[in-house]
**Student:** 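My questions will all concern the structure given below.
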Number of protein chains: 2
Amino acid sequence: MSATPQGSPATLPLAGLKVLELGHYIAAPFATRLLADLGAEVIKVEPPEGDPVRGWGSQVDGHAVWFSVHGRNKLSVTLDLKSADGKAKLRRLAARADALVENFRPGQLERYGLGPADLHQVNPRLVIARISGYGQDGPYRDKPAFGAIGEAMGGLRHLTASPGQTEHPPPRCGVSISDDLAGMYAAMGLVAACWQVKGDPAAKGRVIDVDLVGSVFSLMEGMLPEYGLFGWVRQPQGAAIKTAAPTNTYPCADGKWLCIAGNSDLIFRRLMAAIGRPELADEPRFANNAARCENVAELDAAIAAWTRTKTGAEAESILDAAEVPCSRLYDMRDCAEDPHFRARGLVLPVQDPLLGEVLHPAAPFRFDGVSAREMVRWTGPAAGAHNDHVFLELLKEPAE
Amino acid sequence: MSATPQGSPATLPLAGLKVLELGHYIAAPFATRLLADLGAEVIKVEPPEGDPVRGWGSQVDGHAVWFSVHGRNKLSVTLDLKSADGKAKLRRLAARADALVENFRPGQLERYGLGPADLHQVNPRLVIARISGYGQDGPYRDKPAFGAIGEAMGGLRHLTASPGQTEHPPPRCGVSISDDLAGMYAAMGLVAACWQVKGDPAAKGRVIDVDLVGSVFSLMEGMLPEYGLFGWVRQPQGAAIKTAAPTNTYPCADGKWLCIAGNSDLIFRRLMAAIGRPELADEPRFANNAARCENVAELDAAIAAWTRTKTGAEAESILDAAEVPCSRLYDMRDCAEDPHFRARGLVLPVQDPLLGEVLHPAAPFRFDGVSAREMVRWTGPAAGAHNDHVFLELLKEPAE
């Protein structure tokens, strides 16, 4: 695996698309990482000291382990956007780009003299995707934003909880989900706007406004219309789903949890046989999903009484054989060692020149004719690793 | 708000893109809903009895409330894909489309004689996005898939928990996150492939393979490389973040929870002043983030002692004034009534011909020159509502 950028294989769908990243931390860099996986040329513009996300998490020889993934398939250049030279270079990069992604606080790019109006002067076709906590307008625009706040205000964190559970606060879902979602929406909106511009000589670049709160809020299913029509306010349901039974997560003998989706009539029958309680499938109070929802506590107790006697892997294997959908709650070892993950190329050992051999998760989309491995072209580079390549070759200008 | 389809305003980025949906339940319909919000013409192909998701959740006069949002901006036609006539119509629709999204179980489309090879015979440029639980290949390909299993196997559900909490199972994050993520990736990959095809007369359509497990797994940050390098297995951290303090969720007097992100040095000082403990900001054991992480229990206790004396709204208002990032865990009422949500158009009252006035969440991306309201063109239609429009007008063929 080379740290030297090659052009993308033409088989990748976004080969030839030129994207600038003015990003830091998670949301904008995640957006451009997805675009880079898809084959776009992504130039990540960092301050001279590097994106502060490079200081996060474990390090090897001063290089962040996560950045091997988070920065992969990108070119990194360093620029001081406060300096005249940095601004001039950024404008030249914008002039040759198709799109730009940024996640400064609203107004910051304008204060640099690099807002959409400025950038559209040097490149009227530039598509600009902006990610912020609360959006580019509205009363909360200038509040400081954090991923956790996006989850809380967007409605997700209220739901990530068990009913009546007051001892522990509702947990995070464990990852920076609001940043991830906003990055995904920004990438999607950006490609859509590039589709619109492509092939139309008269088309102008667009400005796209994506925010963490709205991104989370977009996943709230039917809850908003139900609130509007009936005044209902969805409450946390723990690991169960009120309208389907039995579907829940059950404790195993080794401390593992097993998630079981056994709510269709046929699967329910197989599940009851597998746990040694076939007679329950014949009882009228469990005859259909609606009846089972009414009497779910008794069913959950019967299933848990069985899972508690098995390890997670044993219980999973028995239910697999009975064709009952289930899964242990995989931890990272389970994922990394799973034969399906390996067969699908979801876990890719790659050589990182900064870290040695590193496991990378695959790109989350597969295209015919492109292997998972071909979508990881190089690993996250050191800050400024491509200054010469970009400033000397791509911009064809003398070095400073 | 009309139930009659108009073409998209040309201001929407995907105006002119023609997409077929062979979807049911959540993942594929969510992908096409996002594409429809972006301006694509989406024709949802349903079986004669309708997408089974129409039976989910609350109903008004037999019409699902959620479907007003889930099916918005789409045309609905009904076809029996088992019949010769249904297959023939589907092929004619595919011939005029740019892209298709499906989430049948792997192999089902092929069994209908409508797999990618068949569809590319009638339209070699068709982009086909396929969503499934485990992907189109690999040893688990044929297992039945459910959203909950995608979360569990992708590594998310293990993390959505509080450390040492064994009484309740780890909760769902409260929404069908694995379906949503897979839908988002499918939409993103589809638009990228359409960008590639556009303007290149020689280009062929692509087949895109997105799965629930891999979509969830893509959000696992640096956990996979850290497992590979060090053997570390990330464990649940509850509402806290191990490397930042104080940042957590605290109980309030009215049973509400307040999420506070107070881990930067300046914000920490303001937070301690706001809770009446300014002296803590001067103590060496809380002097910087690393020190605070070591002594986080004491800080969390001091903050909780204060939040317990206030309602969620009171505590939030005091910390807002002190410029400390925080948010109550918003429930749907909080979202729907929030002035920022209303100002940004995140909560849109729209007229649904089937349901009356309904609140819709905005599209999760905003484009310059297009209001949030303009992106909701019509509400989810009844199954087959556009049979005549599509089969008589778009296909210019006699009715059955």
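Every chain is numbered from 1 and lettered A, B, ... according to where its sequence line falls, protein lines coming before strand lines. Only a predicted model underlies this, so the values are computations on that prediction, with no experimental measurement involved.
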**Student:** Can A:C335 and B:M220 be said to form a side-chain contact (heavy atoms from CB on, under 4.5 Å), step by step?
**Tutor:** CA-CA 10 Å; A:C335 292; B:M220 294 297 119; 6.0 Å; no
**Student:** Sort A:A240 into side chain, backbone, both or neither according to what part of it lies under 4.5 angstrom from a heavy atom of chain B.
**Tutor:** backbone
**Student:** Walk me through whether A:M184 and B:M184 qualify under side-chain contact (heavy atoms from CB on, under 4.5 Å).
**Tutor:** CA-CA 7 Å; A:M184 292 166 75; B:M184 291 166 75; 3.6 Å; yes
**Student:** Between A:I128, A:L159, A:V69, which residue shows the highest count of heavy-atom pairs closer than 4.5 Å to chain B?
**Tutor:** A:L159
**Student:** May I ask you to say whether A:D211 pairs ionically with B:R344, meaning some side-chain N is under 4.0 Å from a carboxylate O?
**Tutor:** yes
**Student:** For the backbone of B:G174 and the side chain of A:Q237, can you confirm whether one donor and one acceptor N or O come within less than 3.5 Å of each other?
**Tutor:** no
**Student:** At a 4.5 Å cut-off on heavy atoms, which part of A:V60 comes close to chain B: side chain, backbone, both, or neither?
**Tutor:** side chain
**Student:** Check whether B:E221 reaches the backbone of A:S176 with its side chain - one donor and one acceptor, N or O, closer than 3.5 Å.
**Tutor:** yes
**Student:** Between A:Y250 and chain B, with a heavy-atom cut-off of 4.5 Å, which part of the residue counts as in contact: side chain, backbone, both or neither?
**Tutor:** neither
**Student:** Search all heavy atoms of A:W195 against all heavy atoms of B:A15 and return the closest pair with its distance.
**Tutor:** CZ3-O, 3.6 Å
**Student:** Under a 4.5 Å heavy-atom cutoff, which of A:A336, A:G238, A:G133 has the most pairs with chain B?
**Tutor:** A:G238
**Student:** Against chain B, label A:F367 side chain, backbone, both or neither, depending on which of its atoms sit under 4.5 Å from a heavy atom there.
**Tutor:** both
**Student:** Contact part of A:E226 toward chain B, heavy-atom cut-off under 4.5 Å: side chain, backbone, both or neither?
**Tutor:** both
**Student:** Sort out for me which residue in A:P236, A:C173, A:P171 forms a side chain to side chain contact (heavy atoms under 4.5 Å, CB included) with B:P171.
**Tutor:** A:P171
**Student:** Given a strict heavy-atom distance threshold of 4.5 Å, which part of A:V207 is in contact with chain B: side chain, backbone, both, or neither?
**Tutor:** both
**Student:** What part of A:L12 gets within 4.5 angstrom of chain B, counting heavy atoms only: side chain, backbone, both, or neither?
**Tutor:** backbone
**Student:** Please report the closest heavy-atom contact between B:F230 and A:S58, naming both atoms and the distance.
**Tutor:** CE1-OG, 3.4 Å
**Student:** Test your reading of the model: is there a side-chain donor-acceptor pair from B:R206 to the backbone of A:T11, 3.5 Å cut-off?
**Tutor:** yes
**Student:** Considering only heavy atoms, which portion of B:I241 lies under 4.5 Å from any heavy atom of chain A: side chain, backbone, both, or neither?
**Tutor:** side chain
**Student:** Taking side chain as everything from C-beta outward and backbone as N, CA, C, O, which of these in A:R342 sits under 4.5 Å from a heavy atom of chain B? Side chain, backbone, both or neither.
**Tutor:** neither
**Student:** Any luck finding a side-chain donor-acceptor pair between B:Y330 and A:E151 under 3.5 Å?
**Tutor:** no
**Student:** For A:A40, which atoms come within 4.5 Å of any heavy atom of chain B: side chain, backbone, both, or neither?
**Tutor:** neither
**Student:** Any idea which of A:R157, A:M332, A:R130 has the most non-hydrogen atom pairs under 4.5 angstrom with chain B?
**Tutor:** A:M332
**Student:** Which of parallel (below 30°), tilted (30 to 60°) and perpendicular (above 60°) describes B:Y140 and A:H340?
**Tutor:** parallel
**Student:** Which atom names give the shortest non-hydrogen contact between B:P364 and A:S218, and what distance separates them?
**Tutor:** CB-CB, 3.9 Å
**Student:** What residue in A:V347, A:L219, A:N248 has the most heavy-atom pairs under 4.5 Å with chain B?
**Tutor:** A:L219
**Student:** Pick from A:D137, A:V210, A:V358: which one has the most heavy-atom pairs with chain B under 4.5 Å?
**Tutor:** A:D137
**Student:** Identify which part of A:Y185 has an atom lying under 4.5 Å from any heavy atom of chain B, answering side chain, backbone, both or neither.
**Tutor:** both
**Student:** Chain B heavy atoms under 4.5 Å from A:I177: which part of the residue, side chain, backbone, both or neither?
**Tutor:** side chain
**Student:** Does the B:K198 side chain pair with the main chain of A:G199, one donor and one acceptor, at a distance under 3.5 Å?
**Tutor:** no
**Student:** Chain B heavy atoms under 4.5 Å from A:E357: which part of the residue, side chain, backbone, both or neither?
**Tutor:** backbone
**Student:** Heavy-atom cut-off 4.5 Å, strictly under: side chain, backbone, both or neither for A:R141 against chain B?
**Tutor:** backbone
**Student:** Report which part of A:P325 has an atom under 4.5 Å of a heavy atom belonging to chain B: side chain, backbone, both, or neither.
**Tutor:** both
**Student:** With chain B as the partner, which of A:I26, A:L190, A:L38, A:L17 has the greatest number of non-hydrogen pairs under 4.5 Å?
**Tutor:** A:L17
